[in-house]
*Asks:* 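Structure in structure tokens, see below.
Treat the numbers as computed from the prediction; the structure is a model and nothing was measured. All heavy atoms count here, side chains included; hydrogens, waters and symmetry mates do not.
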Amino acid sequence: PQIDLTDGAIVAVEALVRWEGRDGQPIHPDDFIPRAENSGLIFPLTAFVIERALGDLARWRADGHDVRASVNLSARHLSDLALPDQIDAALARHGVPPGALVLEVTETGILSDPVRADVVLRAVRGLGVEIAIDDYGTGNASLSYLRRLKIDELKVDRSFVSNIDSDAQDLIIVRSTIELALAL
């Protein structure tokens, strides 16, 4: 969950897919997500996650919980020109306002095909859906995409955040990234 630090209220959640093997043991996402991406199954898997997240959001919002949900997209989704229409249809099916959905992408995903990613992300943002950069700082960061795209959130990678109380360099990087994000 994302917590509002002023009052402790939950303001957002992240939809995370998990998988159990036939033996009932969990299979780590680092093992099954790359296989889903390489086989093309990432598209139906992500569609399932989006449908589930929006269904949950619709129920929570009907119960008076004004929260948002984030869903991760793979780099392959950023080349899919049909994605904005699919997102729009799913939002309409569940009656969820576009601003309640945040799509998380990585720097690597954006930079793998920046022209097409730009088209897809602009169309999704045009719907009112928010965009977050996940694991910010771990890819081959190009500040030019932050200037071009309207990004709603930067999620600084935990490798920088987890040591800010003991590593002065990490603290400087995180503080500077927050200032950059707020200025943009």
*Asks:* State the CZ-CZ distance between R18 and F32, to the nearest 0.5 angstrom.
*Replies:* 6.5 Å
*Asks:* Check whether any side-chain heavy atom of V129 lies under 4.5 Å from a side-chain heavy atom of L91, and answer yes or no.
*Replies:* yes
*Asks:* Considering only heavy atoms from C-beta outward, does the side chain of L154 approach that of D134 to under 4.5 Å?
*Replies:* no
*Asks:* Return yes if a side-chain donor-acceptor contact under 3.5 Å exists between Q169 and N163, otherwise no.
*Replies:* no
*Asks:* Nearest 0.5 angstrom please: D170 CG to R175 CZ, how far?
*Replies:* 12.0 Å
*Asks:* So which atom in E20 and which in I27 form the shortest heavy-atom distance, rounded to 0.1 Å?
*Replies:* C-CD1, 4.2 Å
*Asks:* Could you tell me whether a side-chain N or O of S39 sits under 3.5 Å from a main-chain N or O of A36, the two making a donor and an acceptor?
*Replies:* yes
*Asks:* Show the numbers, then the answer: is there a salt bridge (charged side-chain N to carboxylate O under 4.0 Å, His left out) between E130 and R68?
*Replies:* CA-CA 10 Å; E130 295 188 358; R68 296 176 303 134; 2.9 Å; yes
*Asks:* For a 4.5 angstrom cut-off between non-hydrogen side-chain atoms, does I33 reach V17?
*Replies:* yes
*Asks:* Report, as yes or no, whether the 6.0 Å neighbourhood of atom CG on L127 holds more than 12 heavy atoms from other residues, nucleotides or ligands.
*Replies:* yes
*Asks:* Hey, could you give me the CG/CG distance between L73 and L103, rounded to the nearest 0.5 Å?
*Replies:* 4.5 Å
*Asks:* Within a strict 4.5 Å, meaning less than it, do heavy atoms of the P84 and I87 side chains meet?
*Replies:* no
*Asks:* Find the distance between CG (D56) and CZ (R61) and round it off to the nearest 0.5 Å.
*Replies:* 13.0 Å
*Asks:* Tell me whether I50 shares a hydrophobic cluster with L41, the cluster being built from Ile, Leu, Val, Met, Phe, Trp, Tyr side chains joined at under 4.5 Å.
*Replies:* no
*Asks:* Which atom names give the shortest non-hydrogen contact between S79 and V120, and what distance separates them?
*Replies:* C-CG2, 4.4 Å
*Asks:* Could you walk me through whether R125 and D152 pass the salt bridge (charged side-chain N to carboxylate O under 4.0 Å, His left out) test, one step at a time?
*Replies:* CA-CA 10 Å; R125 281 207 93 256; D152 299 288; 2.9 Å; yes
*Asks:* Check whether D63 reaches the backbone of H65 with its side chain - one donor and one acceptor, N or O, closer than 3.5 Å.
*Replies:* no
*Asks:* Going through the checks in order, is the side-chain contact (heavy atoms from CB on, under 4.5 Å) test met by L16 and N72?
*Replies:* CA-CA 8 Å; L16 299 172; N72 293 288; 4.0 Å; yes
*Asks:* Say you draw a straight line from CD1 of I164 to CD1 of I172; how long is it, rounded to the nearest 0.5 Å?
*Replies:* 12.0 Å
*Asks:* Are the side chains of H94 and E51 in touch, meaning some heavy atoms are under 4.5 Å apart?
*Replies:* yes
*Asks:* Let me see the working for I131 and V102 under side-chain contact (heavy atoms from CB on, under 4.5 Å), right down to the final yes or no.
*Replies:* CA-CA 5 Å; I131 304 295; V102 180; over 6 Å; no
*Asks:* Check whether any side-chain heavy atom of N38 lies under 4.5 Å from a side-chain heavy atom of R35, and answer yes or no.
*Replies:* no
*Asks:* Nearest 0.5 angstrom please: E104 CD to E153 CD, how far?
*Replies:* 7.0 Å
*Asks:* Does the side-chain contact (heavy atoms from CB on, under 4.5 Å) test come out yes or no for V11 and I3, once each step is laid out?
*Replies:* CA-CA 6 Å; V11 295; I3 307 294; over 6 Å; no
*Asks:* Which atom pair, heavy atoms only, marks the closest approach of A9 to D7?
*Replies:* N-OD1, 2.9 Å
*Asks:* Would a single hydrophobic cluster contain both V96 and V49, if residues Ile, Leu, Val, Met, Phe, Trp and Tyr are joined by side-chain heavy-atom contacts under 4.5 Å?
*Replies:* yes
*Asks:* Is it true that, when you exclude R93 itself, more than 12 heavy atoms of the residues, nucleotides or ligands shown sit nearer than 6.0 Å to its CZ?
*Replies:* yes
*Asks:* Please check if the side chain of H77 supplies one atom and the backbone of S74 the other of a donor-acceptor pair under 3.5 Å.
*Replies:* yes
*Asks:* Which atom pair, heavy atoms only, marks the closest approach of A15 to V71?
*Replies:* CB-CG2, 4.1 Å
*Asks:* So, does H28 use its side chain to make a donor-acceptor pair with the main chain of D30 at under 3.5 Å?
*Replies:* yes
*Asks:* Between L180 and F160, is there a shared hydrophobic cluster once you connect ILVMFWY residues whose side-chain heavy atoms come closer than 4.5 Å?
*Replies:* no
*Asks:* Taking D118 first and then R122, would you say they form a salt bridge - that is, a charged N and a carboxylate O separated by under 4.0 Å?
*Replies:* yes
*Asks:* Applying a strict under-4.5 Å side-chain criterion to I, L, V, M, F, W and Y, I'd like to know whether L121 and F43 cluster together.
*Replies:* yes
*Asks:* Please report the C-alpha distance between D80 and R116 in whole Å, then the side-chain angles of each, then the deciding distance to 0.1 Å, and finally whether the side-chain contact (heavy atoms from CB on, under 4.5 Å) criterion is met.
*Replies:* CA-CA 8 Å; D80 183 3; R116 206 159 216 198; over 6 Å; no
*Asks:* Cluster question for you: counting only ILVMFWY and a side-chain heavy-atom cut-off of under 4.5 Å, with indirect links fine, are I173 and L182 together?
*Replies:* yes
*Asks:* Do L57 and V67 make a side-chain contact, defined as non-hydrogen atoms from C-beta onward lying under 4.5 Å apart?
*Replies:* yes
